[in-house]
Every structure is written in C-alpha cells, then in structure tokens.
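Because only heavy atoms are used, hydrogens play no part in the values below, and waters and symmetry mates are left out as well, while side chains stay in. Since the structure is predicted, the reported quantities are computational estimates derived from the model, not experimental observations. Labels below follow one simple rule: chain letters A, B, ... track the order of the sequence lines, proteins then strands, and each chain is numbered from 1.
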There are 2 protein chains.
Amino acid sequence: MHNRCENCIIRELNSLKALKKDELKRISDSKVSKNIKKGEVIFKEGEKLNGVFCVRSGVSKLFKMCDNGKDQIVKMSARGEVLGQRSVITDERTNLSAVALSDMEVCYIPKQHLQDSINNNVDFTKAVLLNIANDLKFADNVIVNMAQKSVKQRCAETIIHLEDSFGTDCDGFIAVTLTREDIANVVGTAKEACIRTLSTFKKGKLISTDGKRIKIENKKALYRLIEGF
Amino acid sequence: MHNRCENCIIRELNSLKALKKDELKRISDSKVSKNIKKGEVIFKEGEKLNGVFCVRSGVSKLFKMCDNGKDQIVKMSARGEVLGQRSVITDERTNLSAVALSDMEVCYIPKQHLQDSINNNVDFTKAVLLNIANDLKFADNVIVNMAQKSVKQRCAETIIHLEDSFGTDCDGFIAVTLTREDIANVVGTAKEACIRTLSTFKKGKLISTDGKRIKIENKKALYRLIEGF
DNA sequence: CTGTAAACATGATAAAAGTCATGTTTTTAA
DNA sequence: TTAAAAACATGACTTTTATCATGTTTACAG
C-alpha cells in the first residue's frame, strides 16, 4: 500500500503540518516516493526545481562548491527537512547543491501544490515563514562563528550540533557518520586540520571514536572550549 | 505635517508594499517617527521587541558581540530595511544588535499591526516570506565566503557589496563611510589586517581613498581577486 | 581654534591554519 | 577473499592572519 501524507508523522516536523485535509490529499495524490542511494545527487546548485523533497529518513548535505575546489556545507538535513523549499518559494534557481550522505527515503512534491497553498492558506504560509526565519537565525549565528572562532572552537561546535540534530545511537555515538572531510567542510577548514583537531579532542578525552563514529565524552569541556578556553 | 505611510515611497522597497489601504492607515496612525543619532543603539541582542523599525534614511549595522571582544557585523541596513522583522515574526528575543552608523530617520511600527496583517493578508505574509528567504540566501553565501575565502578576497567582496548596496556619491566614492574597524567587522578580521589589505588595494590602484571614503577604481580586478587570483 | 581622543598606519613577531608528502588503516566492490 | 580505492593520520613546511607596539593623522567637542 502506498504511504499517504495524511498518515505521515514526518509532516509534524515541518511546515506541511499546517496544511488542510484537502490540500494534503491533493499533495498525497501527486507526490512521488523516492529512494535515494548514498552519494546520489538530489539537486545541483543552479538547477530550477519543479518541486521539493520532504525527507522521511536518511541524511543529506546542502553545500556550495567553491573556486578552491572545496565544498562548503551550509546545512545538514535531518528527517523532516523540506529540501528545496527556499528556491521554490522565491521561484529561482537553487543556491545550493544537495547530496545524500546515507541512503534516504524522500517524497517529491510538485511545486504547484505548495505555491497554491502559500497563496490560499495563511497558516501554511506562516509555517513556512517561521521555518525560513529560523534557518536565517541559524545562518546568522554560523556567520558569526565562521568569522570569529578558531578551527578548534568550530570543530567543537560542529560535533555538538551534530549530536543535537541527529541524536546518539544505542552505544552513545552520534547517530550520523560523516567522513572527516565532510566534517571539515562543515567546519570550514582543511581535512587535515579537522583530523588533527579531532585527534586532540580524543587525547584530551573530550570525545572518543570508533572508526568514523564519534562519541562525546565531555560535553562541558567542549562548551568551555567554544566559549574560549 | 505628519508623514503618512500611505504616501511614503520607502514602503515600495520592503514588504509593507503589500499592505492594503486600511492596514496602512492603522499603521500610519500608530507609528512613531524617530530621529536616531549616529552611534545610538536601536536595539540590543536579547531584547524583546514590541515593534519594528522601518528605515527611511541613514545606515545601521546588525551585529553580534563575540566572546573575543570583537563585533561581527552580519548585515548593513540600507534605506527600506525593516529592522527587527525576523524576531517579531518568530516572536522571540532579537538575535542581533542594531546600532546607527549615521544619523537616521526611522518609523517605529508596533508589532501588533504586523502580526494582524500576517494573520489576515496572505499577500503581506508572502512579501515578508520572500524578504526573509532572500536574506537567507544572502546569509548562506556569506557563510561560504567566510569559510572558504581569504581576508583579501573578503575585503574585495565587502567593498563591492557596499557599493552595490549604498551606491556612490557625486565624486564616485561609496556613499557610506565606515571606519576601518567596522569594515573589518564585516569582513571578519582584525582591523590591522583590514587596513593593510585596503592599503594594498590602494597601491595596486584597485581603489582610492579620501579619509574614510573609498572609491572603486578597478572593479574588474577586484572581481578577479574574489574569484581567486 | 586647539587639545584630546579616536582612527589610521605600519613594523615586528607569534600563532593559527593551509599545503604537501607519505604511510597506515578502513571500505568497497569485483 | 582480496586488490584497489578511499579515508585516516601525522610530520614538515609555508602562508596567512592575529596580536602587540608605536607613531601619525584625523575628527570633534569645548
């Protein structure tokens, strides 16, 4: 049996929760469920999207390729994220690329339905607005951190943020495993610097690792570090 | 005679242009025009705002104070900007501080009116949404620049952005004069590094200066620099 | 005007971070 | 299972950027 949006709990995590029954029904009738493999491109910077991707499971990165050959990850998407929302709203080409970091289940929702709901359902428009406003607040804070904090501080911040966003598995490890290079691309540094910094954290018993998996051992010390010691 | 919002051209520059006649009338009746002196604090990070500030003239900086004692400027507000919009929408404390960089004329609009219009006028809600979505796109790009570009590149970028946002005066100088320290706080570097970089630009005839005033002499070269040469 | 504070400028040095090289370990796919 | 590729790790070195010190210029209030 096909999954219906009406019964989907993911909806509670994003702006789609403000949709009315009939809107939900229309969306559910036209949405397409997709399985995306790890490493697969969801969309590329500069593409014109004809819909958004509602993430049911799995993790993806939103990033920009830079002139220096590196990627800068702007956001990691958790479950509930609506990928492409911003560019569908403004009806312009995407500003970022999206790539799956694990196998993912997403629902593709044609943009016409969203635009209809934005035009006719103030509650939905408000929900989207709140969502984007929170993204903006978060982005502003990232700007400040990028500009004013050291690589070590940003590494600490990133680890904590990953744990906050994705939680921990049964062994206490952060429930998302990124390569050191991806972490470096979130932090905004070279992978060597990232590797070295995480090694330092490990020596100082701030974290422990098992392969790529990371466990926070001393959150307080990480926070102290972020604040500048 | 008191200035009426109905006749104010500034409105065309922001989301208030989507307001209907009666909404505009109510806002105009309750708004307060204020003159703000250079250096004056408009609001402080963490404050609860009871309204927004529509900028009629003058320039202000939106910034965050950091643990290291420096400020990071996240945005420079031009004419038409609605200061405090984001935090009034989300109904939370401000994430940034705002300080006037020149004498300013602003109109203070109580938040109740905005919230009423957001709840009842989809066109207005959409206009605000577009506005915030654009801010988000801009912020994402700043993140990428902060993380991946050198101080020299970011200085070049900042100068061009200032010219784009504020234009030039009759002599061709950028129509906003910041201290080197403020420029450094936009770029995300120390004031000495900023001063040195601008000196280099001057020697290379990329810009010329007159006191604090800056004129772009070779925009192409600045662009080439930004792209990495 | 003019004294004083703020802003600008620049040198010297230290610290942070990037780059390159190389070897090891882990993953992945045939 | 195993060979190849990718990821991890670390040393050596370079470049970039921050910090400190000091002198000059500019802006502005009395």
Side-chain angles (χ1 to χ4, degrees), chain A residues 37-40 61 66-72 99 101-103 145-158 173 176-203 207-214 225-226 228-229, chain B residues 37-39 61 66-72 99 101-103 145-156 158-159 173 176-203 207-214 225 228-229:
Chain A
K37 285 254 165 295
K38 182 177 172 176
E40 210 173 302
K61 59 178 173 183
C66 303
D67 301 321
N68 62 10
K70 282 188 205 159
D71 292 344
Q72 178 60 39
V99 165
L101 291 176
S102 68
D103 291 351
N145 288 338
M146 284 291 174
Q148 300 290 347
K149 302 210 163 171
S150 66
V151 167
K152 196 191 267 189
Q153 289 175 304
R154 270 145 48 207
C155 276
E157 189 117 21
T158 298
F173 289 92
V176 61
T177 53
L178 304 181
T179 65
R180 297 288 193 265
E181 185 160 18
D182 274 331
I183 296 176
N185 289 345
V186 175
V187 171
T189 187
K191 64 174 180 301
E192 295 93 330
C194 177
I195 289 170
R196 264 185 259 267
T197 307
L198 293 184
S199 296
T200 316
F201 288 174
K202 223 162 91 178
K203 273 173 206 144
I207 63 171
S208 60
T209 62
D210 170 44
K212 273 195 246 307
R213 296 195 306 159
I214 295 174
L225 225 161
I226 292 171
F229 305 98
Chain B
K37 283 255 166 297
K38 182 177 174 178
K61 59 178 173 183
C66 302
D67 301 321
N68 62 11
K70 283 187 205 162
D71 293 345
Q72 179 60 38
V99 165
L101 292 177
S102 66
D103 291 352
N145 287 339
M146 284 291 175
Q148 300 289 345
K149 301 210 164 172
S150 66
V151 167
K152 196 192 268 190
Q153 290 175 304
R154 271 144 50 207
C155 276
T158 298
I159 292 169
F173 288 92
V176 60
T177 52
L178 305 179
T179 65
R180 296 290 193 266
E181 185 159 19
D182 274 331
I183 296 175
N185 290 345
V186 174
V187 171
T189 188
K191 65 175 181 299
E192 294 93 330
C194 176
I195 289 170
R196 263 186 260 268
T197 306
L198 293 184
S199 295
T200 315
F201 287 175
K202 223 161 93 179
K203 273 173 206 145
I207 63 170
S208 60
T209 62
D210 170 45
K212 273 195 243 312
R213 296 195 305 159
I214 294 173
L225 225 163
F229 304 98

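- Atom pair B:Lys152:NZ and D:dT16:C1' shows a separation of 11 Å (rounding to whole Å applied).
- Here the side chain of A:Ile195 is nearest to one of D:dT17, D:dA9, C:dC8, namely D:dA9.
- Pairs engaging residues 178-201 of chain B under the side chain to side chain donor-acceptor pair (under 3.5 Å) rule: B:Lys61-B:Asp182 [sequence neighbours left out].
- Annotation: salt bridge (Lys or Arg N to Asp or Glu O under 4.0 Å) contacts of A:Asp103 (sequence neighbours excluded): none.
- For the side-chain hydrogen bond (donor to acceptor under 3.5 Å, both in side chains) test, residues two or more places apart in sequence or in another chain that qualify with B:Lys202 are B:Thr209.
- Atom CD of A:Glu181 is separated from atom C1' of C:dT27 by 15 Å (rounded to the nearest Å).
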Yes or no on side chain to side chain contact (heavy atoms under 4.5 Å, CB included) for B:Val176 and B:Leu101, after CA distance, side-chain angles and deciding distance? CA-CA 9 Å; B:Val176 60; B:Leu101 292 177; 5.8 Å; no
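- In this structure, B:Gln153 places its CD atom 14 Å from C1' of D:dT15, rounding to the nearest Å.
- Considering every non-hydrogen atom in both A:Val187 and A:Thr158, the closest pair reads CG2-OG1, 3.4 Å.
- Note: CZ (B:Phe201) to P (C:dC8) measures 16 Å, nearest angstrom.
- When all heavy atoms of B:Lys149 and A:Asp67 are compared, the pair lying nearest together is NZ-OD2, 3.7 Å.
- No donor-acceptor pair closer than 3.5 Å links the side chain of B:Arg213 to the backbone N or O of B:Thr177.
- The nearest whole Å value for the distance from the CG atom in B:Leu178 to the P atom in C:dA7 is 12 Å.
- What separates NZ of B:Lys191 from C1' of C:dA6 is a distance of 11 Å, to the nearest Å.
- In this structure, the side-chain hydrogen bond (donor to acceptor under 3.5 Å, both in side chains) partners of B:Gln148, at least two apart in sequence or on a different chain, are A:Asn68, A:Gln72.
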Going 5' to 3' through nucleotides 18-30 of chain D, assign each nucleotide B (protein heavy atom under 4.0 Å from a base atom), S (under 4.0 Å only from sugar-phosphate atoms) or - (no protein heavy atom that close). SBB----------
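- In this model, the phosphate group of C:dT10 is approached by a side-chain N or O of B:Ser199 to a distance below 4.0 Å at OP1 or OP2.
- The two residues A:Val99 and A:Gly39 have their closest heavy-atom pair at CG1-O, 3.7 Å.
- Recorded end-axis angle for the helix from C:dC1-D:dG30 to C:dA30-D:dT1 stands at 60°, based on five pairs per end and rounded to 10 degrees.
- Rounded to a whole Å, the CG atom of B:Leu198 is 16 Å from the P atom of C:dA7.
- Between B:Arg180 atom CZ and C:dA6 atom P there is a gap of 19 Å when expressed in whole angstrom units.
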